[in-house]
Number of protein chains: 2
Amino acid sequence: MPMAGDRLYALLERLGNLLRTEERAAGLPHGLQPVHLQALRYLQSCNRYSNTPAALTEYLGLTKGTVSQTLLLLEEKGLLRKQADTEDRRVIHLLLTEAGRAVLTQALPPELFKRALTELPGEGAALEEALTGLLRSLQAANAQRSFGACGTCKLFQREGPGRFRCGLTQEPLSREDSQLLCREHEVIPPGH
Amino acid sequence: MPMAGDRLYALLERLGNLLRTEERAAGLPHGLQPVHLQALRYLQSCNRYSNTPAALTEYLGLTKGTVSQTLLLLEEKGLLRKQADTEDRRVIHLLLTEAGRAVLTQALPPELFKRALTELPGEGAALEEALTGLLRSLQAANAQRSFGACGTCKLFQREGPGRFRCGLTQEPLSREDSQLLCREHEVIPPGH
DNA sequence: GCATTTAGTATCGAGTCGATACCAGTCGAT
DNA sequence: ATCGACTGGTATCGACTCGATACTAAATGC
């Protein structure tokens, strides 16, 4: 007698497999593996504090050695370039090149996925919310960072229309900044 | 400007990665890879027509050569045994051994996942339905089989309380049969 | 009977991934 | 100011996945 959780687990696993298969196919023309596309996509949507190998490692949930290899390949293909940090000389920033951005817009998100989404009954908002909750629970259980958008962070401060500030670094933030993923993101606790 | 579909895509991808990581950890003590656990789980929940290498290949979305290797390893570890079909001597049936079942009950579903699920606001039923719809769309777009439970098939016939029949093979089905996954499963079209 | 299709296996190479070890830079404590 | 602990990143190695290709054997269709 399968419990309810088992079905949901199987469902998520199957969806994950399908997405991986699609990513594999999407990356094939460029000689890229699923994990390469994921790395590029992260670098496209993270803020300037979170575009380092260490942050990417946490995001992907892999070891730093593995990620280092991935980055080597992406650099060889000319899809990103490395830039040393001026403050901390151990840190390296990863910047997408034009070629890298071109690959992304061409390969992701898969066309099939977008089409399937339009046929979904009802708005995707509720689905998105439920999945976000599940992801947050799993991340908390694994002591993982949440990597949410800056504007949804506990430390995000509104100072006026279009004027924001990060409570951690005290830096001012633009509206574009507020939509980028941040490594230091902290979920706002449920009790508002 | 990220569209709504992009966020959902990223969400599913991240959840998939997390589940893979957990499966990796769960299989490690047994020397098993994520795909091995997935194979065992499928064989546990499929019906007697669908426990063949070919069916598993379609379910996992891999090539038959790859799956053949996976099965070789599982057989060496004594987690499943192969049984030749009596009708068609090309086909082989895959049966879990006691050891195989033991691994499954021990390793899956991950404890962390179950706990995270209990904290989900509202029932998981709606979430399950939405994800099933999405999965069906993607499967249809990829010309993939649905692998649904027998009792949800277009060809499933009810003949009385607890008495069912398969419209394809014309065989009688028990209540337990009706809950198993079938390779020949066909989704009931939306218009009821 | 002969060609075609289907189920499954064998082998090879590219590439992921974790483990381990290592180097360089930062930070803190005395 | 030097020592030690820690952090960011790289290098190397082995186990394993996965697709591609080629192959055998059995069923099927004409």
Side-chain angles (χ1 to χ4, degrees), chain A residues 16-18 20-39 49-77 80-94 145 183-184, chain B residues 16-18 20-39 49-77 80-94 145 183-184:
Chain A
N17 281 351
L18 246 171
R20 279 180 64 84
T21 301
E22 299 229 6
E23 270 189 350
R24 198 177 288 278
L28 194 61
H30 307 96
L32 296 177
Q33 237 58 32
V35 72
H36 299 145
L37 290 175
Q38 291 179 27
Y49 300 120
S50 312
N51 59 354
T52 69
L56 180 59
T57 296
E58 292 172 354
Y59 180 84
L60 294 176
L62 304 175
T63 60
K64 55 182 183 175
T66 298
V67 171
S68 184
Q69 287 303 102
T70 296
L71 294 174
L72 212 58
L73 184 144
L74 290 176
E75 194 182 12
E76 279 172 7
K77 284 190 182 290
L80 61 80
R81 65 174 216 273
K82 298 178 178 175
Q83 189 178 51
D85 189 293
T86 53
E87 311 260 324
D88 187 334
R89 285 172 36 218
R90 296 170 305 178
V91 174
I92 286 182
H93 292 277
L94 306 165
R145 295 176 188 270
R183 181 188 186 183
E184 309 290 348
Chain B
N17 282 352
L18 246 171
R20 280 180 65 84
T21 301
E22 298 229 5
E23 270 189 349
R24 197 177 288 277
L28 194 62
H30 307 96
L32 296 177
Q33 239 53 34
V35 72
H36 299 145
L37 290 175
Q38 291 180 27
Y49 300 120
S50 312
N51 59 355
T52 68
L56 180 59
T57 296
E58 291 173 354
Y59 179 84
L60 294 176
L62 304 175
T63 61
K64 56 183 182 176
T66 298
V67 171
S68 185
Q69 286 303 99
T70 296
L71 294 174
L72 213 59
L73 184 145
L74 290 176
E75 193 183 12
E76 278 172 7
K77 284 190 181 292
L80 62 80
R81 64 174 216 274
K82 298 179 178 175
Q83 190 179 51
D85 189 292
T86 53
E87 310 259 324
D88 188 333
R89 287 177 30 222
R90 294 171 306 178
V91 341
I92 285 182
H93 292 278
L94 306 164
R145 294 176 189 269
R183 181 188 185 182
E184 309 290 346

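Residue numbers start from 1 in every chain, and the chains themselves are labelled A, B, ... in the order their sequence lines are given, proteins ahead of strands.
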Identify each atom pair where a protein N or O and an N or O of nucleotides 10-17 of chain D are less than 3.5 Å apart, giving names and distance.
{"unit_1": "D:dT10", "atom_1": "OP1", "unit_2": "A:K82", "atom_2": "NZ", "d": "3.0"}
{"unit_1": "D:dT10", "atom_1": "OP2", "unit_2": "A:S68", "atom_2": "OG", "d": "3.3"}
{"unit_1": "D:dT17", "atom_1": "OP1", "unit_2": "B:H36", "atom_2": "NE2", "d": "2.4"}

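Pair assignment for C:dA24 gives D:dT7, based on Watson-Crick or G-U wobble hydrogen-bonding distances that are each under 3.5 Å.
Taking atom CG on B:D85 and atom P on C:dT6, their separation rounds to 17 Å, with Å as the unit. Rounded to whole Å, the distance from CD on B:E58 to P on C:dT6 is 11 Å. Nucleotide D:dA25 holds its P atom 22 Å from the CD atom of B:E87, rounded to whole Å. C:dG8 atom P lies 10 Å from atom CG of B:N51, rounded to whole Å. Computed from coordinates, the B:L28 CG to C:dC17 C1' distance equals 12 Å when rounded to whole Å.
Annotation: of the two residues near DNA chain C, A:D88 and B:R183, the 5′-most nearest-nucleotide partner is B:R183.
Annotation for B:T52 and B:L94: closest pair C-CD1, 3.8 Å, computed over non-hydrogen atoms.
Looking at A:T57, its side chain does come within 3.5 Å of a backbone N or O of A:P53 through a donor-acceptor pair. Between the side chain of B:S68 and the backbone N or O of B:K64 there is no donor-acceptor pair closer than 3.5 Å. Between the B:T66 side chain and the B:L62 main chain, no donor and acceptor come within less than 3.5 Å of each other.
In summary, the side chains of B:E23 and B:Q33 do not present any donor paired with an acceptor at a separation below 3.5 Å, with no hydrogens or angles considered.
Side-chain contact between A:H93 and A:V91 is present, with heavy atoms from C-beta onward closer than 4.5 Å.
Side-chain atoms of B:V91 lie closest to C:dG8 of the nucleotides D:dC18, D:dA27, C:dG8.
For A:R90 against C:dT26, no side-chain N or O and base N or O form a donor-acceptor pair under 3.5 Å.
Using a 4.0 Å cut-off, some side-chain N or O of B:R89 falls inside it from OP1 or OP2 of D:dA26.
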